[in-house]
Every structure is written in structure tokens, then in C-alpha cells.
Amino acid sequence: MTFRTLDDAGTIYGQTALVRVDFNVPMEAGRVADDTRLRSALPTIRRLNAGGAKVVLLAHFERPKGKRVPEMSLRPVVEPLAALLGKPVAFADDCVGPEAQRAVGALPHEGVLLLENVRFHPGEESNDPAFAAQLAELADFYVNDAFSAAHRAHASTEAIARVLPAYAGEALRRELEMLDKALGAPERPVMGIVGGSKVSTKLDLLNNLVGKLDRLAIGGGMANTFLFAQGHDIGGSLAERDMAETAREIIASAARSGCELLLPVDVVVSDRVEPGASANVRALGEVGPEDKILDAGPETLKSIKDAIDGARTLIWNGPLGVFEIPPFDHATVEAARFAARHAKTERLIAVAGGGDTVAALNHAGVAEDFTFVSTAGGAFLEWMEGKTLPGVAALAA
Ligand code: ADP
Ligand code: MG
């Protein structure tokens, strides 16, 4: 799909941009504990200012459910953002109405203003056109730079884009371009790794992927469900035994679309899920009644590495084992480091996303070496499911 970017915005000198950003940052004791999301917004803010535009930033923070909740104010973001930008950032106590209009009116040329939490208003989550119209009064055009919020049709992501001229910001553009490289129009062979705990939460994702990938490695707890569905004994492992038929359907659908499935051929088991618990390798067929499958075995890991070796593109969501508890992080860490080495030398386009996946890549120390790591959570998963994201659709060229 094609979408409008800042390249399409024409002359912006002297205009005011309303920019939807993701400032839903981790806070500790009222202070920003991780400024990754603030940094992500800098290229767009700088580009707009450099073109002579004023920047009005719009964001949500947590879930105030349409009411003003003082603890969920965005005010603590002002100081760290100003420090990163190297210029003052003004703040308005409300994102619409007289207070917001006064603050926009007081902005100097190339000034930056942050508006209060957009979710203090019920019209945000109900995608209310009247609320979007109030937002639109503040600016000449709209920029969406928050991929992580693009799966929600909210006033600040969807309705607003129908009122003002609307463009993708730099971070959103890069995210969409990278995701397109991974799954939209990938260099082949393209492989996937999908792990995590449950098939049931990733059903749409698996169904979409088998239609698009040349190979798909399935790991983590969800692989147990597949092994069970194939008639293997999985002992006391986590699995969704009622999803066996679904797993068999996915296997059949992969075969129909010519997607080679890589299921575990051996496993790492323990009787306890605890740090340093004794880990044993078992072939399929050797899993005892007390055994819990907690990681992929060495032969399985080798076949995943061989597949990565033969791939031009890798898309990864979900760890291969209980990576939070060593030694059951082994296969995840090894596969991640292997993929990262290939990505670093540009033999492989390696794209990953998902909350626990990002944590696992950080644990392996390789998040920086991947071609792209999405921190968008729900939006990333919906995109992997092949869904149209309303916030992106609203920017269609
Ligand atoms: P993401 O957040 O990246 O989408 P998920 O939430 O689907 O990933 O899955 C991550 C979780 O899956 C982790 O908490 C991990 O411990 C768990 N997991 C992985 N393998 C197993 C397994 N064999 N048994 C139980 N849990 C597992
Ligand atoms: Mg998770």
C-alpha cells in the first residue's frame, strides 16, 4: 500500500503541524524511566521545524478512560523532551478548547508544544468526528508518527486524518517500509520464526504467515500444541490440547501454500520451571510424563540456524523457549545471535517484534544488530496478522 509522507506535504513554512506521537513511556515516580519513544519522535519534529513549521504534539498516556486523571498527565515528558531537542517545549493543560488554542497562538516560529493526554476526552477512543474537528482547529495539517497506535481507530489516529491533510511522519514511514521489506514484498527465501506460549493468541498470525513465507519455524509453548496434534507425548508441558485440530489445519494449510514448516525434532525438558533447574535433551518419543518441554533441542536449533543461513529475510515473533529462566533461554539466544550476525553483514534482513520478543533480543544483546525491531506491540501483531491498520489506511495516497 502507498501512503502520504512528509515528502508530499509541499511548503510547510509558517504552518502548524499537529503530530500524533507515541509518548506512552515507562514512568517511575513521576519521571520518564526510558526515553526510547521520545527519541523516536525527534526526526519528525526536527524535519518539520527545519521546514519552518510549528509543531504541536498530541499523544495518549495510559488509560484514563475519557476522564481527567492527574496521575496520567503528560507533563513529566516536557523536560526530557526539551533536553533531547535542545530547545524549549511548551505545554498545554488540555488538548482542545481555549487552553490549547491559547498555547498554539503563543508558539514562536518553529516552536514546539506538547498537548495534555488526548485520552482525557471520551471522544478520542470513540473516534468522534466532532472531537477530531476540535483537534483540527489547532493546525494546518496532521502528521501521524505513532505506528504503535495505528491499529486503533481513534480520533487522534483516524478521524483527524479525514479532516486535515494527513501524512506519515519519519518514524511511521520507516516502520512501514521495514515491515513491507519483511512481509509485504520480501527478498526470498523469506522465513519466519513464531514462538511464544499459545497458538490461540496467534492463530490469525500463523494463518497469514503460512500463505506468505517459504519456511516457518514454530517454537515455544505453541510448538507443544503442534507436537501433541501430531500424536507425540508431551508429558506435563504447557499446551492447548483443545487446539489440536486447529494445529493440524495450519499444518495442512502450510502444505497447500508451499510453506515448509519446521517443527521441533528434539526438545529440552525439566520437571521444574526454575532458574538453574536441571535440563535434559529428549528426542520426540522420549518425553516422560513429568517432563515439561521448556526449550528447543540442539537438533531443532541447528535446523533453525540452517534455515536462517538459507534465507534472505527473517520475520520473528515469539521466543523459542522460556527465555526468562536460564538455561531455557538457550535456543532463543543462540538463534537470535546467529540471525544478528547475518543481519550485521547484510546477508539477511532480520525484522522482529512483540513485547517478549524484544525483551528476549535485548537479553541476547542483539536488538541493535537486527535490521529492524518493532516495539509497537499490538499494532505489530495485527500487521503480522495481515489486518489493515485504520491509522495507516487513513494516510493512503
Ligand atoms: P510476544 O510478547 O513476543 O508476542 P508471547 O507473549 O507470545 O511473545 O510469548 C512469550 C512467552 O512465551 C514467554 O513468557 C515465554 O516464557 C513463553 N514460552 C515460550 N516457550 C514456552 C514453553 N515451552 N512453555 C511455556 N511457556 C513458554
Ligand atoms: Mg507477550
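Computed from a predicted model, the values in this text were never measured in an experiment. For reference, positions follow the sequence shown, starting with 1. Atoms within a ligand are numbered from 1 in the order they appear, just like the ligands themselves.
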What protein heavy atom sits nearest atom 21 (C) of ligand 1, and how far away is it?
Gly221 N, 3.2 Å
Salt-bridged, Arg39 to Asp35, with N to O below 4.0 Å?
yes
Return the closest protein heavy atom for atom 3 (O) of ligand 1 as residue, atom name and distance.
Thr357 OG1, 2.5 Å
Can you classify the ring geometry of Phe141 versus Tyr167 as parallel (below 30°), tilted (30 to 60°) or perpendicular (above 60°)?
perpendicular
Is the distance between the ring centroids of His342 and Phe338 under 6.0 Å?
yes
If you count the atoms of ligand 1 from 1 in the order shown, which ones are under 4.0 Å from a heavy atom of Pro319?
8 (O), 9 (O), 10 (C)
Where is the nearest protein heavy atom to atom 9 (O) of ligand 1: which residue, which atom, and how far?
Gly196 CA, 3.1 Å
Salt bridge Arg119-Glu124, side-chain N to carboxylate O under 4.0 Å:
no
Charged N-O contact under 4.0 Å between Lys305 and Asp309:
no
Any atoms of ligand 1 less than 4.0 Å from a non-hydrogen atom of Gly220? List them with their elements.
19 (C), 20 (N), 21 (C), 23 (N)
Below 4.0 angstrom from a heavy atom of Asn317, which ligand 1 atoms are there? Numbered from 1 as shown, please.
1 (P), 3 (O), 4 (O)
Only heavy atoms of Ile293, strictly under 4.0 Å: list the atoms of ligand 1 that pass.
22 (C), 23 (N), 24 (N)
Closest non-hydrogen protein atom to atom 12 (O) of ligand 1, residue and atom name please, with distance?
Ser197 N, 3.2 Å
Please examine the side chains of Leu18 and Val55, heavy atoms only from C-beta on, and report whether any two atoms are closer than 4.5 Å.
no
Is the shortest distance from a heavy atom of Met222 to ligand 1 less than 4.0 Å?
no
Give the name of the N/O/S atom in Asp356 that lies closest to the Mg ion (ligand 2).
OD2
Protein contact to atom 19 (C) of ligand 1 [nearest heavy atom, distance to 0.1 Å]:
Gly321 O, 3.1 Å
Does Glu324 approach ligand 1 within less than 4.0 angstrom via side chain, backbone, both or neither, non-hydrogen atoms only?
side chain
Can a donor-acceptor pair be found, under 3.5 Å and without considering hydrogens, that links the side chain of Thr313 to the backbone of Glu187?
yes
Go through ligand 1 atom by atom and flag the ones less than 4.0 Å from a non-hydrogen atom of Lys202.
1 (P), 4 (O), 5 (P), 7 (O), 8 (O)
Between Thr16 and Leu138 the two heavy atoms that sit nearest each other are CG2-O, 3.6 Å
Applying a 4.0 Å heavy-atom criterion (strictly less than), which segment of Lys292 is in contact with ligand 1: side chain, backbone, both, or neither?
neither
Look at atom 26 (N) of ligand 1 and say which protein heavy atom is nearest, naming residue and atom and giving the distance to 0.1 Å.
Val322 CG2, 3.7 Å
If we count only N and O atoms by modelled type, under 3.5 Å, do the side chains of His60 and Arg20 hold a donor and an acceptor together?
yes
May I ask you to identify the nearest protein heavy atom to atom 6 (O) of ligand 1, giving residue, atom name and distance to one decimal place in Å?
Asp356 OD2, 2.9 Å
Tell me, do Ser374 and Val351 make a side-chain contact under 4.5 Å, heavy atoms counted?
no
